Amino acid sequence: MMLTVENLHKSYQVGQTTYEVLKGISLEVEKGEFVAVMGPSGSGKTTLLNCISCYIPADCGEIILGDRPLAALDETALAAVRDKQLGFVFQDFLLLDGLTVRQNILLPAIIGGSAGPAAETRADQLCQVFGITPIQEKYPAEISGGEKQRTAVARALINNPLLILADEPTGNLDSRSSRAVIAAFERAKQSLSATIFMVTHDSLAASFCDRVIMLQDGVIWRVLEKGAQPRDAFQDRLLDVIRDMGRG
Ligand SMILES: Nc1ncnc2c1ncn2[C@@H]1O[C@H](COP(=O)(O)OP(=O)(O)OP(=O)(O)O)[C@@H](O)[C@H]1O
Ligand SMILES: [Mg+2]
């Protein structure tokens with residue numbers, strides 16, 4: 001299993017009040033799976049992602065990445081996990097304007113201390129997989145939105161992470177750009193066996209996933225498997241369940 005979350009609890013303290021946001025989340029993600037987390041605003045999706053990202057400590061429960069329980073790690077070790085074993089795709093992609101496409105892609109390798117010939121070769125491979133070889137010496141201001149998205153996904157993959165984490169990667173995009181992000185994730189899954197865990201509000205984006213975890217009020221409300229059904233049927237199914245959730 002690439003990721004195991006067991007009975008995860010997380011609350012925030014605001015003044016004298018404790019707000020319980022995650023109330024016992026358990027889930028597993030296998031290598032090569034593309035999983036979405038959906039749920040209403042405030043249901044705890046970003047909190048869950050931030051716990052898995054080692055950005056915030058959970059109150060109790062376990063997160064196991066690959067075969068390493070994160071609870072046992074100190075700050076330095078957690079930072080290393082973040083830098084080397086996780087890949088991040090942010091809502092606004094956060095490409096650095098002063099770096100070329102290729103330098104942006106290589107940045108996590110530099111941060112993770114693995115810059116060198118192997119990282120250069122991996123960058124070549126990623127540029128090829130995502131069709132950005134011809135633009136790798138350009139700067140972000142000189143490339144299209146779709147090219148930026150593919151660059152961001154390539155960057156998330158440079159360290160060959162155990163898991164890619166994405167919080168609403170299509171949140172700010174029109175439908176065509178959203179499709180480009182999802183296509184890049186599918187490519188990552190198919191060509192590189194990448195494992196992707198994506199928070200999204202977008203039923204279209206979620207319908208490309210193998211599995212969709214529906215969160216409500218800090219608990220897992222439903223899990224839907226795509227299985228053999230066509231994408232559009234799965235999307236209809238998701239929309240039905242989201243409507244039910246609104247009623248419940
Ligand atoms: N740092 C914080 N301190 C206190 N409360 C917080 C903090 N971060 C989040 N919360 C609260 O926790 C709950 C869950 O927040 P979270 O960001 O995980 O929701 P979400 O499902 O990602 O929502 P959205 O879809 O709007 O992004 C919300 O009620 C939010 O107000
Ligand atoms: Mg959120």
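Every number for a ligand or one of its atoms is a count from 1 in the order of the listing. Just so it is clear, the model here is predicted, and its values are computed rather than measured.
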Short N/O/S contact of Thr46 with the Mg ion (ligand 2) (below 2.8 Å): yes

Closest protein heavy atom (residue, atom, distance) for atom 25 (O) of ligand 1: Lys45 NZ, 2.7 Å

Option among Lys226, Lys189, Lys31, Arg231 that satisfies the salt bridge (Lys or Arg N to Asp or Glu O under 4.0 Å) test with Asp210: Lys189

Point-to-point distance, once rounded to the nearest 0.5 Å, from CG of Leu70 to CG of Leu78: 6.5 Å

Glu225/Arg237 ion pair, N-O < 4.0 Å: no

Ligand 1 versus Asp167: contacting region, heavy-atom distance under 4.0 Å: neither

Verify atom 6 (C) of ligand 1: protein non-hydrogen atom under 4.0 angstrom away: yes

Carboxylate-amine/guanidinium proximity below 4.0 Å for Arg102 and Asp124: yes

Min heavy-atom dist Gln13 to ligand 1 below 4.0 Å: no

4.0 Å protein heavy-atom contact status of atom 31 (O) of ligand 1, strictly under: no

Option nearest atom 12 (O) of ligand 1 (shortest heavy-atom distance, choices Leu215, Val21, Asp217): Val21

Aromatic ring proximity Phe208/Phe185, centre distance under 6.0 Å: no

Identity and separation of the nearest protein heavy atom to atom 17 (O) of ligand 1: Thr46 CB, 3.6 Å

Shortest protein heavy-atom distance from atom 26 (O) of ligand 1, along with the residue and atom involved: Ser41 OG, 2.5 Å

Distance from atom 23 (O) of ligand 1 to nearest protein heavy atom, with residue and atom: Gly42 N, 2.9 Å

Residue, atom name and distance, where the atom is the protein heavy atom closest to atom 9 (C) of ligand 1: Tyr12 CE1, 3.4 Å

Pro40 near ligand 1 by a heavy-atom separation under 4.0 Å: yes

Distance from atom 15 (O) of ligand 1 to nearest protein heavy atom, with residue and atom: Thr47 OG1, 3.8 Å

